[in-house]
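Residue numbering restarts at 1 for every chain, and letters A, B, ... go by the order of the sequence lines. Since we're looking at a predicted model, the values are computed, not measured.
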Number of protein chains: 4
Amino acid sequence: MSPRTSKQYKEIREQSREKIMMAALELFAGRGFHNTSISQIAKQAGVAKGLIYNYFSSKEDLLHAIIDRALAEGDEFFAKMTGLSDARQQLRYLIGQSFELMETQFDYTKLLTSLSLQLDQFPGIMETVREKYSSTLPLLEQLLDRIGVEDAAGEAKLLAALLDGIGVQYIVLHHDYPLEEMKQLLYKRYNLNERS
Amino acid sequence: MSPRTSKQYKEIREQSREKIMMAALELFAGRGFHNTSISQIAKQAGVAKGLIYNYFSSKEDLLHAIIDRALAEGDEFFAKMTGLSDARQQLRYLIGQSFELMETQFDYTKLLTSLSLQLDQFPGIMETVREKYSSTLPLLEQLLDRIGVEDAAGEAKLLAALLDGIGVQYIVLHHDYPLEEMKQLLYKRYNLNERS
Amino acid sequence: MSPRTSKQYKEIREQSREKIMMAALELFAGRGFHNTSISQIAKQAGVAKGLIYNYFSSKEDLLHAIIDRALAEGDEFFAKMTGLSDARQQLRYLIGQSFELMETQFDYTKLLTSLSLQLDQFPGIMETVREKYSSTLPLLEQLLDRIGVEDAAGEAKLLAALLDGIGVQYIVLHHDYPLEEMKQLLYKRYNLNERS
Amino acid sequence: MSPRTSKQYKEIREQSREKIMMAALELFAGRGFHNTSISQIAKQAGVAKGLIYNYFSSKEDLLHAIIDRALAEGDEFFAKMTGLSDARQQLRYLIGQSFELMETQFDYTKLLTSLSLQLDQFPGIMETVREKYSSTLPLLEQLLDRIGVEDAAGEAKLLAALLDGIGVQYIVLHHDYPLEEMKQLLYKRYNLNERS
DNA sequence: AATGAATGAGGGTTCATTCAT
DNA sequence: GATGAATGAACCCTCATTCAT
């Protein structure tokens, strides 16, 4: 029972924080922010209610931490894209990662989508999300233009909506939704199949 | 002296019920169901809290009444479609009405979209929404097929997602979203412009 | 449609008042005063909620009206007793009427018994009930004395308790309670059987 | 620094639970279940309203906890009886304890008596109380039989009613009621006086 | 770092009572 | 004499948050 090193402490802290965030993510995504109580989160995380306030100053603060991480992880997901030489490859990568994200980060996707619809209630997030939206569009447009799509500006808007729509429908129908088929449809439409 | 006639009473009831439903719709859409209190609805409707329970047995019952009406109004919006002779006209009508709905029935659209993402919490609604989804798809497919689209089945899924995606983005960005432009893009893509 | 005579009016009034009191009696006895709502009474009586306030100034006032009648009817029940010449006959009559009262005026009995246990809450009734109690005892004592019971004072107290206890048990067990048998036991104990 | 030991927590819980139950008992007995509010209980117990729900899932659950304890304590009161050799001693003990119970556990007695009259509203309790009633009777009969009472079956029913009646009258008249005298009357009637 | 008992504002809901007709 | 829509206080209960340990 020697005193823990500060490194050990840090690790413990990290673990608890992590447990709480994961529990909260699952519940916020599944039941909605306002319909999830701190007690439920504590139980799901296997910690005492009070501990949550050692790491997060409020329920909203906890939500913000989750969102920040979601956005960061989202960025990571698309990070390698600029390394790809070819516009066609980049677009394929971007679309592929979008689907990957929906599937493997379902809770994040669901939570962010839900929150998007109630942005006015979370002013802190509003700007970030709007920026994402408005920075993605030019990128898409550029890529579409470089692969020879005619009305690249218009097509970019359609593609953006399409990806969002697929996300929503996947959230709603989940296992009944033909996610893989939708990806292939997109690949085909933009001629993105490997060796084609 | 004498009590009001039952017709008078019915009218009074109708009006109050209406005020309450409109207030609730606006708040549910704007702040979310769980983040809206009965007190807020009462204040917005300009009635006493208790009166709401003369018309709805619970907050959830009130929500259901709103949803039922939303679905009914949605059906009305598409009702005339079958009267149109031409598949191209029908598709144009369907898309046009979708946009009309988003714009003029913004609150209904927003509420239903939000609830879609949390269907498991409102079991009564679940089936209805899933049915809508699964009955719309074949219809789209049929129309697309009849206007000579190649992979009508795939294209129908894309179009469905597209419309949903446009809805979501319109909800999020609202006045900043180029709704009219999106409609024209869709018309163009399916060759639906009048006299074309 | 000639204007009703004041006599007709009076009759109508009487009828409505009666319906309300009967409905209230049944519900107060069955569910308790505090667990019965004005709405329930109105529904049970088949009148509008508001009408109740034409006849009674408050829920409590309605209760008091019922109690007053109950006490009056109780008095009636024992009224003929003094006409009887013989002490033995009088006692038999008193006991017999007690049982008759429990059986045919079950709701009144139940309501009064319940209220007795909560007398402090209905100060208006308190004194009346206490008086009943304390005026009945000497009467019993006198009768018992006149039929030759030894410790008439003590026996009177026992008999009073006994009658109350039978009432309570009859309320609790109701159809399972051997009311008739109890009466015979009492008759036998005080030698009150006809031609004996 | 470290959290309290679970033993400390248990003790704290025990105390708070106790305070709440005692406050509720007093109020339920005094004002009736439906006429007692959670706020009143909290105030009487000296705790916050919300705390009550840390210990009891609902107002009814709190009532049930009290009843369960009342019945348990009642059982304890009569537990030693079977240890007594003589039937006469047993009967004397049973009667004596009945009076002791009324006097020292006045609130419990009052609450249970009141609830008895409204059994249909508390279905969970119904059976328990009926069982008590129907198991006590044979016991009384047996004892009376063994001390040579003639119609033991009938006498048992009278005695049971008598004890209930005394209870009710004691509740109603309380300090004005000659409880001790009644006990002596019973002892005398069944010849239960010590050294007799 | 961690616990969970405790608080009290505010949630959904009920209900005695009023009042225009 | 009668109706029932409307009110608002008070009900039971939930929950984010605090705090002693």
Any residue of residues 18-30 of chain B with a heavy atom less than 4.0 Å from an atom of DNA chain F: none

Lys/Arg N to Asp/Glu carboxylate O, A/K110 vs A/E26, below 4.0 Å: no

Heavy-atom side-chain contact between [X] and [Y] under 4.5 Å:
X	Y	result
D/Y108	D/I66	yes
A/E18	A/M22	yes
A/H64	A/F56	no
B/L115	B/F28	no
A/F33	A/Q121	no
D/L112	D/L71	yes
B/T128	B/I67	no
C/Y55	C/R13	yes

5' priority, DNA chain E, between D/A48 and A/A48 [closest heavy atom]: A/A48

Sugar-phosphate only, base, or nothing, as touched by D/Y55 at under 4.0 Å among non-hydrogen atoms: sugar-phosphate

For DNA chain E, the dot-bracket pattern of Watson-Crick and G-U pairs whose distances stay under 3.5 Å, | for other-strand partners: .||||||||||||||||||||

Residue D/E11 excluded, over 12 heavy atoms near CD under 6.0 Å: no

Short side-chain N/O contact from B/R13 to OP1 or OP2 of F/dG4, under 4.0 Å: no

Phosphate OP1/OP2 of E/dA2: any A/S16 side-chain N/O under 4.0 Å: yes

Side chains of A/Q118 and A/H34, donor plus acceptor under 3.5 Å: no

Most 5' of B/Y9 and B/I52 on DNA chain F, judged by nearest nucleotide: B/Y9

Nucleotides 10-15 of chain F: protein proximity per nucleotide (B base, S sugar-phosphate only, - neither; heavy atom, under 4.0 Å): BSSBB-

Of the listed nucleotides F/dA5, E/dA5, E/dT3, the one nearest the side chain of B/I12: F/dA5

Whole-Å distance separating the CD atom of B/E11 from the C1' atom of F/dG4: 16 Å

d(NZ, C/K43; P, F/dG4) in whole Å: 12 Å

